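Side-chain atoms are counted along with the backbone in the values below, which use heavy atoms only and exclude waters and symmetry mates. All chains are named by letter (A, B, ...) in the order of the sequence lines, taking the proteins before the strands, and each is independently numbered beginning at 1. Since this is a predicted model, take the numbers as computed values, not measurements.
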There are 2 protein chains.
Amino acid sequence: MRHHPAAMDRLRTVGLRPTRQRLALARLLFDQGDRHITAEMLHSEVMATGVRVSLATVYNTLHQFTEVGLLREIVVEAGRSYFDTNTSAHHHFFHESKGTLTDIPADQITVAAVPQAPEGTRVKSVDVIVRLED
Amino acid sequence: MRHHPAAMDRLRTVGLRPTRQRLALARLLFDQGDRHITAEMLHSEVMATGVRVSLATVYNTLHQFTEVGLLREIVVEAGRSYFDTNTSAHHHFFHESKGTLTDIPADQITVAAVPQAPEGTRVKSVDVIVRLED
DNA sequence: ATAGCTGCAAATGCTTTGCAAGGCC
DNA sequence: GGCCTTGCAAAGCATTTGCAGCTAT
């Protein structure tokens, strides 16, 4: 049995038990650079590696990872959620015909003069989605 | 029977038959300034006015109106679509705890230096959502 | 008359949940 | 051992669709 310290440590650090399922998912998510993935896609991938993980667990895990800041959820279409392994400030291209997301580096777009948040509220995030068509 | 010329004309102009249902929905949508509304909300409203319209028809009508440019669809949460009666360029505040959308006038926010669209694609729209929390 | 609409109910697609069984510490 | 996790299947939502009957022109 192989151990992948990075994934293991990542889980311990955020206080989630490094179970077989969470380790397999963490490796797929974080061991290959930035990814934009849906629960279904991740489920297919993990099954393809031979590790049995239920779709329900994939959903639960994605949300747990999001809660502890390992992932960021991106909403581009009603009825489907994407999860982004890059949690730093950046924005996205969304290719509507293909249903794929691509990063727009933070330095390639400028959002200026964001208006003051209304009384009693704070700005949680500013999400920019540039929708592309063919 | 009352006739509301504006709603009637709006439908004829875009080539949709001014049926009883579409007229009722168009009046609720367009006769009171900018609105951000979901299918469920609109369905409740129209039923409250005493006009029977099925939820399926509300969905169909919202999409037809969107296709002909009378509405703009805004996606802020997975699993729910909002429709905006203001189709001009502007962005939104989304109050997460209340689930409400508010306009940010185009002149109160600046999105600059949008990167070139990748080969073979066009920018369809640039959507900015400023998420607010309490 | 007829092409376009509508309503209903069933189907769909994604996501969440309840609960018993299993696994990490 | 005890508590956290997982898997399964069922339930939940928002939305879409098929089709028979209705309606605007």
*Measure from the side-chain heavy atoms of B/R22 and tell me the nearest of D/dC3, C/dC5, D/dT15.*
C/dC5
*Would you tell me if any nitrogen or oxygen in the side chain of A/H63 comes within less than 4.0 Å of OP1 or OP2 on C/dT15?*
no
_Value in whole Å for how far the C1' atom of D/dC13 lies from CD of B/E40_ = 9 Å
*Tell me whether the OP1 or OP2 atom of D/dT5 has a side-chain N or O from A/T57 closer than 4.0 Å.*
no
*Does OP1 or OP2 of C/dC8 have a side-chain N or O of B/R52 closer than 4.0 Å?*
yes
*Which nucleotide sits closest to the side chain of A/S54: D/dA14, C/dG7, D/dG7?*
D/dG7
_Categorize A/H43 for me: base, sugar-phosphate, or nothing, with a 4.0 angstrom heavy-atom threshold over every strand shown._
nothing
*Minimum-distance nucleotide to A/Y59 side chain [options: D/dT15, D/dT25, C/dT16]*: C/dT16
*Measure from CZ on B/R20 to C1' on D/dC22 and round the result to the nearest Å.*
11 Å
*asked:* Quick one, B/H95 and A/P118 - any side-chain contact, counting heavy atoms below 4.5 Å?
replied: yes
_Any side-chain N or O of A/T19 below 4.0 angstrom from OP1/OP2 of D/dT6?_
yes
*Where the side chain of B/R12 is defined as all heavy atoms beyond and including C-beta, which of D/dG7, D/dT25, C/dC5 is the nearest nucleotide?*
D/dT25
*Are A/V130 and B/V76 joined in one hydrophobic group, where the rule is that I, L, V, M, F, W and Y side chains link up if heavy atoms are under 4.5 Å apart?*
no
*Counting distance only, does the side-chain N/O of A/R122 pair as donor-acceptor with the main-chain N or O of A/A117 below 3.5 Å?*
no
*Heavy atoms of other groups near A/Q116 CD, more than 12 under 6.0 Å*: no
_Any base atoms under 4.0 Å from B/T38, or only sugar-phosphate, or nothing? Heavy atoms, all strands._
nothing
_Given C/dT6, C/dC8, D/dG7, identify the nucleotide with an atom nearest to the side chain of B/A56._
C/dC8
*For B/G79 and A/V58, take the nucleotide of DNA chain D holding the closest heavy atom to each; which residue's nucleotide lies nearer the 5' end?*
A/V58
*asked:* Counting only side-chain heavy atoms from C-beta out, which of C/dT15, D/dA24, C/dC8 sits nearest to B/R17?
replied: D/dA24
_So B/L71 and B/F30, do their side chains get closer than 4.5 Å, heavy atoms only?_
yes
_Counting only side-chain nitrogens and oxygens, does A/Q21 get under 4.0 Å of the OP1 or OP2 atom of C/dG23?_
no
*Can you check the A/E73 CD to C/dC14 C1' distance for me, whole Å?*
12 Å
